[in-house]
Amino acid sequence: MTDSLGDWRRTHYSKRMDPEMSGEQITVMGWIHEIRDLGGIIFVLLRDRDGIIQITAPSKKISKELLDEIRKLKKESVIAVRGNIQESGKAPGGYEIIPNEIKLLNQSKLPLPLDTTDKVRAEIDTRLDSRYIDLRRPTSSVIFKIKSRMLHSVRNFLEKGEFIEINTPKLVASATEGGTELFPITYFEREAFLGQSPQLYKQMMMATGLDKVYEIAPIFRAEEHDTLRHLNEVISIDIEASFCDHEDVMKILEGMVHTVLGDVANYGEDELKLLGVDLEIPDIPFDRIDYDDVVDIVNSKGVNMGYGEDLSRAAEKAIGEHMNNYYFITHWPTDIKPFYVMPDDKDPKRSCAFDLMYKDLEISSGAQRVHKHDLLVERIKKQGLNPVSFERYLAAFEYGMPPHAGWGLGAERFTMCITGAKNIRETVLFPRDRRRLTP
Ligand code: AMO
């Protein structure tokens with residue numbers, strides 16, 4: 001038999017107690033984390049979003065009916081407790097509640113597919129299969145509290161910088177980053193794709209006069225990689241700004257990373273502590289290293305890398321060891337960057353593209369863009385793509401397209417930098433990878 005919620009409402013989360021509340025009757029709601037029956041006294045640990053509070057039921061102070069009710073409770077069932085709060089040196093968190101009334105709101109089946117205490121470590125796949133239970137563990141859920149703080153701070157920063165939030169379509173007709181890595185879908189009688197980047201749309205916005213835009217939305221990549229850094233659906237934080245070059249948007253990016261890390265360290269102190277993270281706020285400006293120098297350094301560390309090659313995993317590790325935590329790699333070879341990237345005026349083999357790295361992890365790419373129509377057509381052809389598939393995008397460059405630049409920052413990779421998560425799957429509620437499409 002379970003009880004209905006009725007007119008009961010939570011008055012406090014478990015961690016929002018203070019000494020002045022002593023003796024007050026409060027109502028808490030949550031899950032039974034643990035229950036210990038010592039005969040003369042029963043301890044119930046109630047867990048909510050914030051943490052754990054002890055319900056202490058001594059047989060001397062509590063009616064027999066209520067004690068019998070408590071004895072029937074099972075781990076992970078959902079309860080509401082009304083009782084008097086008091087300080088207690090022995091209870092976790094320093095407070096305990098002496099119950100007056102308890103409602104059993106819903107029962108949990110036992111055994112659980114996963115332990116909710118950190119006593120038994122489960123494999124990541126087992127955890128993801130029962131993610132709703134995994135997220136009852138504070139060390140799992142805290143990552144999403146931090147991710148939420150990060151995204152909130154990103155929005156604040158960009159709004160203060162007068163960026164306008166936009167939403168672009170995720171059902172698209174053609175590729176943006178080149179021909180591969182797309183998920184095809186059936187769109188009525190035609191083929192379409194899931195968007196791999198808002199790139200072409202955010203650039204078209206520059207022809208509208210909106211001037212500075214940002215989008216925080218999913219991107220889909222049909223990459224076959226099965227690594228700790230790649231997923232097939234991630235959240236990209238994208239900006240595009242007119243009358244700007246790559247240097248300007250690099251300044252925005254480093255300023256944003258600096259501010260966001262400061263905000264997370266400030267407001268998420270307890271959350272970081274739970275993960276054992278001592279967040280270092282990097283000084284700005286971040287170091288900038290030329291791609292040519294990266295090639296030299298990587299080779300000097302015994303990892304083979306030719307000019308014009310992308311960074312292999314070994315090369316990323318080699319350069320990561322050499323540099324400070326956050327740094328930019330600039331002047332990438334034009335040929336290995338997408339068609340929309342502006343070649344350097346003086347040396348067109350090099351481009352105005354950059355990556356932002358954290359140690360050995362790429363977290364963002366950006367560039368000044370080609371804003372001249374004819375050069376853009378030439379670049380599309382040179383990359384083996386057909387300008388006809390980009391007709392509507394290209395048209396936007398014929399009627400007054402300002403010079404512009406932008407970047408895309410992976411929200412999950414940035415969350416990994418902040419939380420120290422080694423596996424990107426830890427930073428996504430329901431990750432999508434080569435093997436996983438449910439839950
Ligand atoms: P790029 O393809 O480099 O650039 O993507 C930008 C950032 O998005 C994140 N990211 C991923 N994270 C995890 N798994 C993946 N499969 C994955 N793919 C991308 C990374 C990466 O640095 N249009 C350009 C951006 C721009 O120039 O504005 C683009 O999409 O953190």
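One-based numbering, in listed order, for ligands and for the atoms of each. Worth saying up front: this structure is predicted, and the values here are computed from it rather than measured.
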Is the closest N or O pair between [X] and ligand 1 shorter than 3.5 Å?
| X | answer |
| --- | --- |
| L231 | yes |
| H230 | no |
| S365 | yes |

Check whether any heavy atom of [X] sits under 4.0 Å from an atom of ligand 1.
| X | value |
| --- | --- |
| R229 | yes |
| R369 | yes |
| E223 | yes |
| G366 | yes |

What part of [X] sits under 4.0 Å from ligand 1 if we count only heavy atoms: the side chain, the backbone, both or neither?
| X | result |
| --- | --- |
| S197 | side chain |
| D355 | neither |
| H246 | neither |
| F414 | neither |

Can you give the donor-acceptor pairs under 3.5 Å from side chains of residues 376-383 to other protein atoms, not counting sequence neighbours?
from, atom 1, to, atom 2, distance (Å)
R379, NE, F339, O, 3.4
R379, NH2, P338, O, 3.1
Q383, NE2, K337, O, 2.8

**Request:** Please find out if less than 6.0 Å separates the ring center of F220 from that of F183.
**Result:**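 No, too far apart.
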May I ask you to decide whether [X] forms a salt bridge with [Y], counting only side-chain N to carboxylate O separations under 4.0 Å?
| X | Y | value |
| --- | --- | --- |
| R369 | E240 | yes |
| E165 | R155 | yes |
| E271 | K147 | no |

With distance as the sole criterion, is a donor-acceptor pair present between the side chains of [X] and [Y] under 3.5 Å?
| X | Y | result |
| --- | --- | --- |
| S365 | D355 | yes |
| Q54 | Y95 | no |
| N106 | T2 | no |

